[in-house]
Number of protein chains: 2
Amino acid sequence: MEKAQIGRPREFDAEQALQKAMVVFWEQGYEGASLAALTEAMGISRKSMYAAFGNKEELFRKALRRYSEGTVSYIVDALEATTAREVAEVFLTGSVRANTRPGCPAGCLGVQGALAVGETGRVARDVLTEWRAGGQEHLRDRFQRAVEEDDLPAGSDPDLIARYVMTIANGMAVQAAGGATREELLRVAGAALLNWPPA
Amino acid sequence: MEKAQIGRPREFDAEQALQKAMVVFWEQGYEGASLAALTEAMGISRKSMYAAFGNKEELFRKALRRYSEGTVSYIVDALEATTAREVAEVFLTGSVRANTRPGCPAGCLGVQGALAVGETGRVARDVLTEWRAGGQEHLRDRFQRAVEEDDLPAGSDPDLIARYVMTIANGMAVQAAGGATREELLRVAGAALLNWPPA
DNA sequence: GCTTTTATGCACCGATCGGTGCATAACCCG
DNA sequence: CGGGTTATGCACCGATCGGTGCATAAAAGC
């Protein structure tokens with residue numbers, strides 16, 4: 001489905017530029033990331049950005065997709081773990097590592113990218129809200145399966161368990177943004193996992 | 001220490017205006033809240049705002065102080081509870097209610113007010129980071145006391161326990177911003193409190 | 001060569017940003 | 001009544017916001 005190359009070829013690597021944009025959004029949030037900051041980090045002009053990615057909102061959506069497929073890909077491994085407890089463990093430890101990755105902004109793009117925003121950030125905020133809800137649904141479905149497999153006690157509430165685990169992850173993202181270290185957060189994750197199943 | 005009234009008296013209630021500004025910051029974040037939105041909500045002109053509060057940063061600081069003394073005053077009650085477990089319980093249930101107060105924005109000003117920001121929001125972000133750290137320190141000191149009183153097991157780590165409790169609160173703030181209801185969050189808080197002490 | 005198509009750089013757009021100068025208004029004190 | 005002091009409304013500031021028009025450049029297909 002590759003479009004045959006017609007016209008002047010672009011002079012930059014779109015994936016590399018998107019990676020840079022992702023980091024800027026991650027660090028400064030949707031509203032805080034100006035086109036000037038984004039294009040400077042991407043190493044391209046405004047015009048090239050618009051031609052390649054559409055506009056700021058679309059760039060943000062694409063940056064978030066890249067974030068999902070890269071930084072946050074540990075969630076896939078988590079969902080494939082054999083027990084509910086391992087799911088929670090892989091998810092939380094993966095979150096900690098993603099939130100405290102050297103060379104990357106502290107915290108989680110999906111949390112700090114657009115939590116409270118003005119008029120211009122509404123779409124980005126809604127995109128992230130949906131993004132977090134989607135992750136939580138995946139966890140819930142997995143815990144639902146665990147109940148059916150007698151891996152979690154009959155009568156367990158998969159919604160509550162998923163929300164509990166996601167709340168810990170969200171909280172650790174805020175902690176990381178505030179400067180918490182990987183070791184500190186791993187201890188928090190460990191404490192949260194002492195409590196299993198959490199209800 | 002009241003300054004004698006000299007000159008034309010102001011035509012608005014400063015406390016009421018500050019309350020309105022607080023809500024706007026709470027809802028839209030520091031960067032998302034424009035002077036236009038703030039002054040419109042406050043019902044005063046730009047000039048009156050600058051005369052009464054200094055500038056946007058100072059207004060934010062004062063709004064945060066008002067938030068601390070009003071919305072978040074439950075932390076005082078929490079710290080005065082008789083057992084460490086009650087401290088955590090009052091703190092977390094208080095957080096839930098503050099995060100889901102009808103007629104107020106969902107979530108926590110101290111979290112979503114300025115988590116990731118551009119150049120212009122650095123100060124606000126640092127103010128909030130310090131604010132959250134301050135709350136966590138109060139919890140830590142209280143849990144330290146609990147250790148000394150044999151209310152928590154000898155060898156317990158007050159830092160870890162405080163961070164654990166604050167992480168839950170931070171996570172619930174994100175959840176609330178994403179639309180979680182009071183009942184859902186109370187269940188999460190209940191689940192987190194099943195685990196006590198958390199390490 | 002030519003046309004067609006796409007990319008790039010630059011200058012520029014109207015709108016909005018936070019913040020201010022200035023004239024006027026409303027109060028206290030004498 | 002002044003004179004001093006503070007508040008208010010309006011117009012305006014330079015800077016920056018996200019986004020674009022246009023001329024030029026570099027490729028493919030003929």
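Note on naming: letters A, B, ... go to the chains in the order of the sequence lines (proteins, then strands), and numbering restarts at 1 for each one.
Going from atom CZ of B/F12 over to atom C1' of D/dT6 covers 12 Å, rounded to whole Å. Following rounding to the nearest Å, B/R10 (CZ) and D/dG9 (P) show an atom-to-atom distance of 13 Å. Nucleotide D/dA26 holds its P atom 18 Å from the CD1 atom of A/I6, rounded to whole Å. At whole-Å resolution of the value, CZ in B/F53 and P in D/dA7 are 11 Å apart.
Salt bridge A/E69/A/R65: absent, no basic N to carboxylate O contact under 4.0 Å. Between A/E148 and A/R145, no side-chain nitrogen of the basic residue sits less than 4.0 Å from a carboxylate oxygen of the acidic one, so the salt-bridge criterion is not met.
Checking D/dA28, D/dT8, D/dA27 against the side-chain heavy atoms of A/P9 singles out D/dA27 as nearest.
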Before giving the answer on side-chain hydrogen bond (donor to acceptor under 3.5 Å, both in side chains), spell out for A/E15 and A/Q19 the whole-Å C-alpha distance, their side-chain angles and the decisive distance to 0.1 Å. CA-CA 6 Å; A/E15 283 305 307; A/Q19 173 75 20; over 6 Å; no

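Listed pair A/S45 / C/dT8 fails the phosphate criterion, with no side-chain N or O lying under 4.0 Å from OP1 or OP2.
The aromatic rings of A/F12 and A/F53 sit tilted, their planes meeting at an angle between 30° and 60°.
With hydrogens and angles ignored, a donor-acceptor pair closer than 3.5 Å exists between the side chain of A/R8 and the base of D/dA25.
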Listed pairs, N/O of protein and of nucleotides 17-21 of chain C, under 3.5 Å:
{"unit_1": "C/dC17", "atom_1": "OP1", "unit_2": "B/S34", "atom_2": "OG", "d": "3.4"}
{"unit_1": "C/dG18", "atom_1": "OP1", "unit_2": "B/K56", "atom_2": "NZ", "d": "2.7"}
{"unit_1": "C/dG18", "atom_1": "OP2", "unit_2": "B/L35", "atom_2": "N", "d": "2.8"}
{"unit_1": "C/dG18", "atom_1": "N7", "unit_2": "B/R46", "atom_2": "NH2", "d": "2.9"}
{"unit_1": "C/dG19", "atom_1": "OP2", "unit_2": "B/Y50", "atom_2": "OH", "d": "2.7"}
{"unit_1": "C/dG19", "atom_1": "OP2", "unit_2": "B/K56", "atom_2": "N", "d": "3.3"}
{"unit_1": "C/dG19", "atom_1": "O5'", "unit_2": "B/Y50", "atom_2": "OH", "d": "3.1"}
{"unit_1": "C/dG19", "atom_1": "N7", "unit_2": "B/R46", "atom_2": "NE", "d": "3.1"}
{"unit_1": "C/dG19", "atom_1": "O6", "unit_2": "B/R46", "atom_2": "NE", "d": "2.8"}

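Where A/E11 and A/G7 meet DNA chain C, the nucleotide closest to each residue was compared, and A/G7 sits on the side nearer the 5' end.
No donor-acceptor distance shorter than 3.5 angstrom exists from the side chain of A/S156 to the backbone of A/L152, with no hydrogens or angles considered.
By the side-chain contact (heavy atoms from CB on, under 4.5 Å) test, A/T120 pairs with A/E31, sequence neighbours left out.
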